[in-house]
Asker: 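I have a structure I would like to understand better, so I am pasting it below and will then ask my questions one at a time.
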Amino acid sequence: MSNPSPVKPEPSPTLGPLITDAEAGALDTGPSTPPVSGRRIRILSYNVQVGISSKRFHHYFTNSWKHFLPYQGRLGNLDSVARFISGFDLVGLQELDAGSLRSQFINLAQYLAERSDHPYWYSQTNRNLGKIAQHSLGLLSRFHPHTVVEHKLPGVIPGRGALEAHFGAEHGTGSLVIMLVHLSLGQRARQMQMEYIAEVLRDHEHVVVMGDMNCSCHTDEVRRLVRKTRLQEPLATQKTYPSWRPIHAFDHILVTPGLGVSQVDVYNVNYSDHLPVGVEVVVPEDVKLPQWVSSQ
């Protein structure tokens, strides 16, 4: 277990407009019913492809060197990502770098947290290639998690992980668990990973699981996760990959019924090869979410 690294907020920058409802893909919200009273929070999952903007399939070839070497436009593109994610309370990011040659030895979770005014951030390195690459996940939050746990997920090829963050009470109905994942490409590995995640989460009442799952919500592995936990099926099936012409629904957010869902969106932004998916949920009043309080 590890505690998150707090980041002292800087004064908020002048931000561009967030994506409007007209620009976003509206989705069905599923069977969840909002609690009678509670706090609304906005949650986002985004695979940011190490800050590489892709707009055509051939960019996977012409931009392939950017996965290994630094380039001038990476941080500028990530600044655009930061302006976008600043409108959310909890942000789960996939395909980051924890500080290697390609990221100019900058931890990109910290970079994005500081520029999006999220006071708490956590970075998990899942595949450490030394100075060449530090493949990582990042969780950014406006609320203080009392516990953050790193999980190394099973698989045929090692290097996949999950971040589990706990908010509110230690246990029971006053607890909220957020799990961020980036699952394998192969179905066999994903099945093992879903089994592992289900075992971790099966006894928790208020849970959000989000991330790039590399599969649709109708697959056996997703159904197995739902069957073995309190989670509902993913709230929507709108396609998120590739960002310029989506044909696959790979990015999902699953929630338990006690978290009321008031809005779900996929956002039409082209800062990566994936589109981000966001959800607004109503957290019951007995889940306390302490926020950063500046001493200045």
Side-chain angles (χ1 to χ4, degrees), residues 4-26 39-53 73-98 103 106-124 136-145 148 163 165 167 176 178 180 208 210-212 240 243 251 253 261-283 289-296:
S5 302
V7 178
K8 186 176 180 180
E10 299 294 334
S12 298
T14 301
L15 302 178
L18 293 175
I19 301 301
T20 64
D21 290 340
E23 296 172 300
R39 180 174 190 167
R40 292 179 183 269
I41 65 172
R42 301 185 72 202
I43 300 173
L44 185 81
S45 175
Y46 197 3
N47 181 326
V48 298
Q49 199 190 201
V50 208
I52 302 171
S53 175
R74 190 186 310 274
L75 295 184
N77 188 53
L78 288 172
D79 287 341
S80 297
V81 172
R83 286 191 291 272
F84 170 67
I85 67 176
S86 66
F88 296 85
D89 302 300
L90 285 164
V91 181
L93 300 171
Q94 307 95 56
E95 290 199 27
L96 292 177
D97 191 282
S103 68
I106 295 170
N107 186 313
L108 297 184
Q110 179 179 7
Y111 183 90
L112 287 167
E114 291 173 343
R115 280 153 182 78
S116 62
D117 200 26
H118 286 87
Y120 301 99
W121 61 272
Y122 198 93
S123 176
Q124 178 189 11
S136 64
L137 297 173
L139 182 66
L140 282 53
S141 176
R142 299 204 189 285
F143 312 114
H144 182 205
V148 178
L163 271 176
F167 300 83
L176 173 65
I178 306 291
L180 170 63
V208 177
M210 60 177 167
D212 178 359
T240 57
S243 58
D251 302 86
I253 299 178
V261 179
S262 61
Q263 184 174 338
V264 187
D265 295 293
V266 169
Y267 295 89
N268 186 24
V269 293
N270 293 109
Y271 306 134
S272 171
D273 61 341
H274 285 247
L275 296 178
V277 57
V279 60
E280 183 174 274
V281 301
V282 180
V283 178
L289 298 172
Q291 289 184 267
W292 172 275
V293 178
S294 176
S295 60
Q296 296 183 351

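The first residue of the sequence shown is numbered 1, and numbering continues consecutively from there.
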Asker: Are the side chains of Phe84 and Leu44 in contact, using a 4.5 Å heavy-atom criterion?
Answerer: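 Yes; the side chains approach each other to less than 4.5 Å.
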Asker: How many angstroms lie between OH in Tyr122 and CD in Gln110, if you round to the nearest 0.5 Å?
Answerer: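 Rounded to the nearest 0.5 Å, the OH-CD separation comes out at 13.5 Å.
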Asker: Is there a donor-acceptor pair closer than 3.5 Å between any side-chain N or O of Ser136 and the backbone N or O of Ser123?
Answerer: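 Not confirmed, Ser136 side chain does not pair with Ser123 backbone.
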Asker: Please report the closest heavy-atom contact between Leu78 and Leu112, naming both atoms and the distance.
Answerer: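 It is O-CD2, 3.3 Å.
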Asker: Can you name the nearest heavy-atom pair linking Asp117 to Pro119, along with the distance?
Answerer: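 Taking every non-hydrogen atom into account, O-CD, 3.5 Å.
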Asker: Where the side chain of Arg115 meets the backbone of Ser86, is there a donor-acceptor pair that is under 3.5 Å apart?
Answerer: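 No, the answer is negative, given that no donor and acceptor are paired below the 3.5 Å cut-off.
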Asker: Is the backbone of Gly87 close enough, under 3.5 Å, to the side chain of Arg42 for a donor and an acceptor to pair up by distance?
Answerer: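 Present.
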Asker: When rounded to the nearest 0.5 angstrom, what is the spacing between CZ in Phe143 and CD1 in Ile41?
Answerer: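 CD1 of Ile41 is found 5.0 Å from CZ of Phe143.
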Asker: Is the backbone N or O of Ser103 less than 3.5 Å from a side-chain atom of Arg74, with the two atoms forming a donor-acceptor pair by type?
Answerer: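 Side chain of Arg74 to backbone of Ser103, a donor-acceptor pair under 3.5 Å: no, none is there.
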Asker: Are side-chain heavy atoms of Ile43 and Asp89 found at a separation under 4.5 Å?
Answerer: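 With C-beta onward as the side chain, the pair stays apart.
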Asker: Is there a side-chain contact between Ser141 and Phe167, using heavy atoms and a 4.5 Å cut-off?
Answerer: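 Yes. Closest side-chain heavy atoms under 4.5 Å.
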Asker: Can you measure from CG (Leu140) to CG (Leu90) and round to the nearest 0.5 angstrom?
Answerer: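 The CG atom of Leu140 sits 9.5 Å away from the CG atom of Leu90.
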Asker: Does a side-chain heavy-atom distance below 4.5 Å link Glu280 with Asp265?
Answerer: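 No, their side chains stay 4.5 Å or more apart.
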Asker: Supply the atom-to-atom distance Ser243 OG to Asn268 CG, rounded to the nearest 0.5 angstrom.
Answerer: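 Going from the OG atom of Ser243 to the CG atom of Asn268 covers 8.5 Å.
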Asker: Rounded to the nearest 0.5 Å, what separation is found between the CG atom of Asp212 and the OH atom of Tyr46?
Answerer: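 If I round to the nearest 0.5 Å, the distance is 12.0 Å.
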Asker: Is the centre of the Phe88 ring less than 6.0 Å from the centre of the Tyr267 ring?
Answerer: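 Yes, close enough.
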Asker: Would a distance-only check, ignoring hydrogens and angles, find a side-chain to backbone donor-acceptor pair under 3.5 Å from Gln49 to Asn47?
Answerer: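 A pair under 3.5 Å: no.
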Asker: Hey, mind stepping through Gln94 and Leu180 against side-chain contact (heavy atoms from CB on, under 4.5 Å) and telling me if it holds?
Answerer: CA-CA 8 Å; Gln94 307 95 56; Leu180 170 63; 3.3 Å; yes
Asker: Is any side-chain heavy atom of Leu108 less than 4.5 Å from a side-chain heavy atom of Ile106?
Answerer: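 In contact.
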Asker: Could you go step by step and tell me if Gln124 and Leu139 meet the side-chain contact (heavy atoms from CB on, under 4.5 Å) rule?
Answerer: CA-CA 9 Å; Gln124 178 189 11; Leu139 182 66; over 6 Å; no
Asker: So, Ser272 versus His274: side-chain donor-acceptor pair below 3.5 Å or not?
Answerer: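 Side chains of Ser272 and His274: no pair found under 3.5 Å.
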Asker: Rounded to the nearest 0.5 Å, what separation is found between the CD1 atom of Ile178 and the CE atom of Met210?
Answerer: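 Output value for this atom pair is 5.5 Å.
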Asker: Mind checking side chain to side chain contact (heavy atoms under 4.5 Å, CB included) for Asn77 and listing every partner two or more places apart, or none if nothing turns up?
Answerer: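 Residues passing side chain to side chain contact (heavy atoms under 4.5 Å, CB included) with Asn77: Ser53, Tyr271.
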Asker: Ignoring hydrogens and geometry beyond distance, is a side-chain donor-acceptor pair present between Arg83 and Ser80 at under 3.5 Å?
Answerer: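 There is such a pair between these side chains.
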Asker: What orientation do His144 and Tyr120 show, parallel under 30°, tilted 30 to 60°, or perpendicular over 60°?
Answerer: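 Ring orientation of His144 relative to Tyr120: parallel.
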Asker: Measure the shortest side-chain to side-chain distance between Ser116 and Val91 over non-hydrogen atoms and say whether it is less than 4.5 angstrom.
Answerer: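 Not touching, per the 4.5 Å side-chain cut-off.
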